[in-house]
Amino acid sequence: MSKVLYIDNRERSGLEELVKKHSDKSKIVWEVKQNLITDYCYGQVAIEAKSMQDYFQSLQSGHLQSQLENMDDNYNHVILVIHGQLDRYVAQMRKRGNRTPFARLQAMFIGSLARFDVDFDITIMHFVTKSEAARWIVKRCEKDGTIGSSSTYRRLRRTTSEDLRVDGLRAMGCSETIAKKLLENFGSLMEIGASSKKELMKVEGVGKIRAKAIMDALNSESPVIKEKVKLTSA
């Protein structure tokens, strides 16, 4: 069964129309419906899209943090897409009487992106225009579950750490960063397996889906079949 790109029916930024247009060109099936968690979702990929103004507003209100936490709890892969220029946003702010220095807003922007990347282990993309953002969203969906070449696949298979415990957790769907956090918090794979799902979810980057995958892999007495994705060249 082919996947569908679901677009939140509350999206009114204009980006959604460009996404529909490029989806049609790429023959990606899309559907508008209410996505309670994210702006766009494609299988287990959640994409939250923000204009520069929306980004700062949701950042300062704390809403973005909650959104990312919710997405991380419910999807395997979380992507944050930002479109717009920081200097234009600053110019708009000054017209409204806000004199916050450009350097301060720039530091806030870069620092928050770094923080989200570390805390949630997500993909963050920034584009100057809506058109670029829309093209990327559709292209990301188009390439989901594909590999660039056989040599790329071989390089991916050879990518291991120096710690077999980390490699084991990575096979369960954790990034190297999250695997190390789990080991720092619990000490060993045995202790991780003996913990509850709620305890695992206290570790940054571990949501419901990832916690369940870890618990299933470490505690099941039956084979745990990893979800397989057909790999094709793209």
Side-chain angles (χ1 to χ4, degrees), residues 5-26 28 30-42 45-75 77-144 175 177 204-205 234:
L5 173 58
Y6 291 107
I7 303 170
D8 186 30
N9 61 5
R10 295 166 295 179
E11 268 289 272
R12 295 290 187 273
S13 67
L15 177 64
E16 75 285 352
E17 294 303 325
L18 293 170
V19 169
K20 294 174 188 177
K21 172 185 173 183
H22 291 299
S23 294
D24 288 339
K25 287 182 178 179
S26 298
I28 290 179
W30 56 267
E31 181 181 328
V32 176
K33 71 171 192 176
Q34 187 172 14
N35 292 338
L36 296 176
I37 298 174
T38 186
D39 293 329
Y40 305 89
C41 65
Y42 190 73
V45 178
I47 303 172
E48 182 67 20
K50 300 282 187 189
S51 67
M52 189 64 71
Q53 180 177 339
D54 289 339
Y55 179 80
F56 274 97
Q57 288 177 345
S58 58
L59 176 66
Q60 292 166 346
S61 69
H63 182 58
L64 182 55
Q65 175 87 14
S66 299
Q67 282 183 300
L68 295 177
E69 288 175 355
N70 207 0
M71 291 163 65
D72 193 52
D73 280 347
N74 290 277
Y75 290 90
H77 194 163
V78 177
I79 300 173
L80 175 61
V81 173
I82 304 162
H83 54 90
Q85 295 174 269
L86 183 59
D87 55 352
R88 288 191 178 182
Y89 171 70
V90 173
Q92 291 171 353
M93 293 285 286
R94 287 179 177 168
K95 286 181 180 179
R96 297 170 188 162
N98 188 318
R99 298 296 175 183
T100 305
F102 176 85
R104 185 182 298 176
L105 289 172
Q106 185 182 51
M108 184 186 300
F109 181 59
I110 294 173
S112 62
L113 294 182
R115 185 73 267 164
F116 289 142
D117 179 44
V118 171
D119 288 353
F120 296 103
D121 191 35
I122 64 176
T123 298
I124 300 173
M125 303 297 297
H126 176 217
F127 299 97
V128 173
T129 67
K130 287 180 185 178
S131 178
E132 291 172 336
R135 287 173 183 270
W136 187 88
I137 289 171
V138 172
K139 187 59 68 174
R140 172 60 181 80
C141 295
E142 185 180 358
K143 291 185 177 294
D144 192 56
S175 67
T177 299
E204 289 178 340

What are the two closest heavy atoms between [X] and [Y], and how far apart are they?
X: H83; Y: T129; answer: CB-O, 3.9 Å
X: I122; Y: V78; answer: CB-O, 3.3 Å
X: I124; Y: L113; answer: CD1-O, 3.3 Å
X: S23; Y: W30; answer: CB-CD1, 3.6 Å
X: V19; Y: I7; answer: CG1-CD1, 4.2 Å

Mind checking what makes side-chain hydrogen bond (donor to acceptor under 3.5 Å, both in side chains) contact with S26, not counting sequence neighbours? none
Under 3.5 Å: donor-acceptor pair, side chain of E16, backbone of G14: yes
Got a donor-acceptor contact below 3.5 angstrom from the N35 side chain to the Y6 backbone? yes
Donor-acceptor contacts under 3.5 Å from residues 84-91 side chains, at least two apart:
from: Q85; atom 1: OE1; to: R88; atom 2: NE; distance (Å): 3.1

Under the salt bridge (Lys or Arg N to Asp or Glu O under 4.0 Å) rule, collect the residues that match up with [X], sequence neighbours excluded.
X: R10; answer: D8
X: E17; answer: K20
X: K130; answer: none
X: D119; answer: R115

Does H126 have any ring-ring contact (aromatic ring centres under 6.0 Å, His included) partners at least two apart in sequence or in another chain, and if so, which? F109
Minimum side-chain heavy-atom gap [X]-[Y] below 4.5 Å:
X: M108; Y: F56; value: yes
X: F120; Y: Q65; value: yes
X: Q57; Y: D54; value: yes
X: V81; Y: Y40; value: no

How many angstroms lie between [atom1] in [X] and [atom2] in [Y], if you round to the nearest 0.5 Å?
X: L15; Y: E132; atom1: CG; atom2: CD; answer: 12.0 Å
X: T123; Y: I47; atom1: OG1; atom2: CD1; answer: 9.5 Å
X: H77; Y: D72; atom1: NE2; atom2: CG; answer: 10.5 Å
X: K143; Y: W136; atom1: NZ; atom2: CH2; answer: 12.0 Å
X: H63; Y: K50; atom1: NE2; atom2: NZ; answer: 5.0 Å
X: I37; Y: N74; atom1: CD1; atom2: CG; answer: 3.5 Å

Using side chain to side chain contact (heavy atoms under 4.5 Å, CB included) as the criterion, list what pairs up with [X], not counting sequence neighbours.
X: T38; value: C41, A46, E48, M71, Y75
X: S112; value: Y55, L59, F116
X: R135; value: H22, S131
X: K21; value: K25

Acceptor/donor pairs from residues 97-106 side chains to any protein atom, 3.5 angstrom cut, sequence neighbours excluded:
from: N98; atom 1: OD1; to: T100; atom 2: N; distance (Å): 2.9
from: N98; atom 1: OD1; to: T100; atom 2: OG1; distance (Å): 2.5

